[in-house]
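For reference, the structure is listed below as structure tokens.
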Amino acid sequence: MKELLSRAEAWIEDDPDDATREELTAVLDAAVAGDADALADLEDRFRGFLEFGTAGLRGAIGAGPNRMNRAVVIRAAAGLARYLSDALAAAGVEGPARVAIGYDARHGSADFAVDTAAVMTAAGHEALLLPRTLPTPVLAFATRFLDADAGVMVTASHNPPQDNGYKVYLGGRVVTDEGQGAQIVPPYDAEIASRIAAVASVEAVPRAEKGWTVLGEGVVDEYVAQVAALGGDVTPVAERRAATRIVLTPLHGVGGETVERVLREAGFTDLHTVAEQAQPDPDFPTVAFPNPEEKGAIDLALELARSVGADVVIANDPDADRCAVATVVDGEWTMLHGDVTGSLLGERVAERRSRLRMAPGSQVLANSIVSSQQLAAIAEAHGMGHANTLTGFKWIGRTPRMVFGYEEALGYCVAPELVRDKDGVSAALLMVDYVSELKASGRTLADAIDDLARSYGVYLTSQVSARYADLAEIPATMERLMASPPATLAGSPVVATDDMSLGFRGLPGTTGLHLAAESGTRVIVRPSGTEPKVKAYLEVIVPVEGDDVAGARASAVETMRALADDVRTALGI
């Protein structure tokens, strides 16, 4: 207790922010007065430093080392600055590192970005601050476009409003391979974390009062122009694009203006943005959780789509790196599963790229191992290579020769030459262009989904998850499943059981269990990287006999129900 109080007092003295100093002082005073809840709160705030990992930092905003605040960010920036100096020196490169810095509209984002610029400048590096709140893909683009050695994006993406985060990219002269401009992976995260841990105090970190560059709108204009150009020459398709009615929602995030600019520049003028969600608002007042995947998040967009007779709905998460698509399926507005959108975009990109007549395998489609296997079938049909990666765009973005990559959690990279990360803006453009082309020929996205089934079979994916109050139950559940996996899946014998920690299909070891049945049914079970859950990713594959897509789909749905029941039983839920 005495040590905890002493640590809290020292943190308060070192905290550069009046608000968090006052916040922590109030908690400390209450704990000293005997308030048990305040003491528990204090213990949690000092449980350790917010961990710097492959997602950088992410956590609840508040005072103390286990929260997102200016003191933690200044330490992180100092550690990153030291790492960049060391990395350039080791490479024999003289001079400062160039660091691009972006931020969204969440609570504290602008302050965290300015603190980062101040630390980088004082460390002798060149800090380039984006001109205003902007989507994560703009920062990822700027990191490559400006040939920056590092990029920092202050965002918590689709996390709840009480959170913020600090995402780091490396490129320029620090990372020169396929991962140039991508999110950090091991060992970079550990190397940066070790330097953060070496920061003695915030007071010991020099911070400049000026000297960094606030970029003009030129970098934003360049991003918009290059993304809009992905749609090709507007003139021959102007009429059909203007006739495509699109409903948009940025879910109170920072993507609205950028998405609209890109679409208008590409010739899409019939745009209807959900008014209640159009402006950035860090409290996300109309949604329980600002993630388009969450139930109810896009209800306002679907309501607007029905009222205006839209052709498609596009929803971006708050930092616009993800893109959700909704269309009419069997007479009802439905949000497409990320795997369905990924397969549609994959087919679209593959068709266009295959016209280039490049050597087989010289163009690669990539997706995370937990995403659908349909993309592999698409790649094979078009004479392209295919790569599975570990979960997350930090891995997908590093795929050699990649021309398209996606993960089932609504993340799509349709132009890796521009953004080596998921980009909900460019994905939105390609999807609405597809809708426009289909509409001009009297067809819809639902028809295109049926076309995929005719070509490759029905690939139906779903998830089952178990949430745990006791984190110790997560490894125990995985150990139990490893020791005694199910013998059948949806009535089909299991023919492959793979411990993914030993390496799976050439991937680095990761905690997970892969099960494959004779029928082609597949399950991957793994602990969540962000929540106290064990997640199971389910896939059923049913071939289409003749033209009976509906029959194959009904069979897949029935099999999926049985599979989900089997997995729930195996997980003990």
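- Expressed to the nearest 0.5 Å, how far CG of Leu563 lies from CG of Leu515 amounts to 9.5 Å.
- Contact record, Asp319 with Pro137: O-CD, 3.5 Å, taken as the closest heavy-atom pair.
- With rounding to the nearest 0.5 angstrom, the NZ atom of Lys533 is 11.5 Å from the OH atom of Tyr468.
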**Message:** Quick one, Thr444 with Leu438, criterion side chain to side chain contact (heavy atoms under 4.5 Å, CB included). Give me CA distance, side-chain angles, the key distance, then yes/no.
**Reply:** CA-CA 5 Å; Thr444 66; Leu438 288 164; 5.8 Å; no

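- With a 4.5 Å cut-off on side-chain heavy atoms, Met335 and Lys295 do not count as touching.
- Look at Arg144 and Asp423 and you find no salt bridge, because none of the NZ, NE, NH1 or NH2 atoms lies under 4.0 Å from a carboxylate O.
- In terms of heavy atoms, Ile573 sits closest to Ala466 at CG2-CB, 3.7 Å.
- Between the side chain of Asp321 and the main chain of Lys422, no donor-acceptor pair closer than 3.5 Å is present.
- Looking at Arg106, its side chain does come within 3.5 Å of a backbone N or O of Ser157 through a donor-acceptor pair.
- Put simply, CG on Leu507 and CG on Leu502 are 12.5 Å apart, with the number rounded to the nearest 0.5 Å.
- Of the charged side-chain nitrogens involved, none lies within less than 4.0 Å of a carboxylate oxygen, so that Asp163 and Arg58 do not count as a salt-bridged pair.
- Between Pro485 and Val494 the shortest side-chain heavy-atom distance does not fall below 4.5 Å.
- Take Ser343 and apply the side chain to side chain donor-acceptor pair (under 3.5 Å) test, not counting sequence neighbours, and it matches Gln374.
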**Request:** For Glu347 and His382, run side chain to side chain contact (heavy atoms under 4.5 Å, CB included): C-alpha distance rounded to whole Å, both residues' side-chain angles, the deciding distance at 0.1 Å, then the answer.
**Result:** CA-CA 9 Å; Glu347 179 76 5; His382 291 278; 3.4 Å; yes

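- For the residue pair Glu539/Ser372, the side-chain donor-acceptor check at 3.5 Å is satisfied.
- When all heavy atoms of Phe393 and Cys413 are compared, the closest pair comes out as CE2-CB, 3.5 Å.
- Salt bridge Asp498/Arg505: absent, no basic N to carboxylate O contact under 4.0 Å.
- Atom-to-atom distance recorded for Ser426:OG and Tyr412:OH is 12.0 Å, nearest 0.5 angstrom.
- Within the 3.5 Å criterion, the main-chain N or O of Ala562 finds no donor-acceptor partner in the side chain of Asp565.
- Applying the ring pair (Phe, Tyr, Trp, His ring centres under 6.0 Å) test to residues at least two apart or on different chains, the pairs with a partner in residues 489-518 are Phe504-His514.
- Distance CG/Asp433 to CG/Leu230: 10.5 Å, rounded to 0.5 Å.
- Taking a 6.0 Å sphere around CZ of Arg480, one finds it holds more than 12 heavy atoms contributed by other residues, nucleotides or ligands.
- Gln180 contributes a side-chain N or O that, together with a main-chain N or O of Gly172, makes up a donor-acceptor pair within less than 3.5 Å.
- Residues satisfying the side chain to side chain donor-acceptor pair (under 3.5 Å) criterion with Gln277, sequence neighbours excluded, are Thr249, Thr286.
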**Request:** For Asn316 and Leu248, run side chain to side chain contact (heavy atoms under 4.5 Å, CB included): C-alpha distance rounded to whole Å, both residues' side-chain angles, the deciding distance at 0.1 Å, then the answer.
**Result:** CA-CA 8 Å; Asn316 294 106; Leu248 302 168; 5.8 Å; no

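- Between Arg522 and Leu489, the closest side-chain pair of non-hydrogen atoms is not below 4.5 Å.
- Counted by atom type alone, Asn367 and His386 present one or more donor-acceptor pairs between their side chains at under 3.5 Å.
- The side chain to side chain donor-acceptor pair (under 3.5 Å) with Asp104 is formed by just one residue from the set Thr136, Thr155, Thr133; it is Thr155.
- Scanning all heavy atoms of the two residues, the minimum distance from Pro290 to Pro160 falls at CD-CA, 4.1 Å.
- Under a 3.5 Å cut-off, the side chain of Thr559 and the backbone N or O of Ser555 do form a donor-acceptor pair.
- Looking at Arg420 and Thr143, their side chains never bring a donor and an acceptor atom within 3.5 Å of each other.
- For Glu351, the CD atom counts as densely surrounded, since its 6.0 Å shell holds more than 12 non-hydrogen atoms of other residues, nucleotides or ligands.
- A distance-only check finds no donor-acceptor pair linking the side chain of Tyr406 to the backbone of Leu365 [under 3.5 Å].
- Using a 4.5 Å cut-off on side-chain heavy atoms (C-beta onward), Ile196 and Phe49 make no contact.
- Of all non-hydrogen atoms in His158 and Pro318, the two that sit nearest each other are CA-CD, 3.9 Å.
- Look at Asp447 and Arg454 and you find no salt bridge, because none of the NZ, NE, NH1 or NH2 atoms lies under 4.0 Å from a carboxylate O.
- The shortest non-hydrogen separation linking Gly102 to Leu139 is N-CD2, 3.6 Å.
- No hydrogens or angles considered: nothing links the side chains of His252 and Asp283 as a donor-acceptor pair under 3.5 Å.
- From Leu410, atom CG reaches atom CD of Glu293 across 4.0 Å, with rounding to the nearest 0.5 Å.
- In this structure, the side chain of Thr521 does not engage the main chain of Ser519 through any donor-acceptor pair within 3.5 Å.
- Under the 4.5 Å side-chain criterion, counting only non-hydrogen atoms from C-beta, Glu408 is not in contact with Thr461.
- In this structure the side chain of Tyr434 reaches within 4.5 angstrom of the side chain of Leu344, judged on heavy atoms.
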**Full working for side chain to side chain contact (heavy atoms under 4.5 Å, CB included) between Leu336 and Thr327** = CA-CA 7 Å; Leu336 302 182; Thr327 189; 3.9 Å; yes

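- Salt bridge Arg353/Glu417: present, at least one basic N to carboxylate O contact under 4.0 Å.
- Put simply, the side chain of Asp317 gets close to the backbone of Arg322: a donor and an acceptor are under 3.5 Å apart.
- Residue-environment remark: CD (Glu294) exceeds the threshold of 12 foreign heavy atoms within 6.0 Å.
- Of the possible polar contacts, one joining the Asn164 side chain to the His107 backbone as a donor-acceptor pair under 3.5 Å is found.
- By the 6.0 Å contact criterion, CG on Asp470 is enclosed, its count of non-hydrogen atoms from other residues, nucleotides or ligands being greater than 12.
- No donor-acceptor pair closer than 3.5 Å links the side chain of Arg398 to the backbone N or O of Asp177.
- Contact of the Met500 side chain with the Ile369 side chain is registered, since non-hydrogen atoms from C-beta on lie closer than 4.5 Å.
- Two residues are said to be in side-chain contact when any heavy atoms from C-beta on lie closer than 4.5 Å; Val364 and Pro400 fail this criterion.
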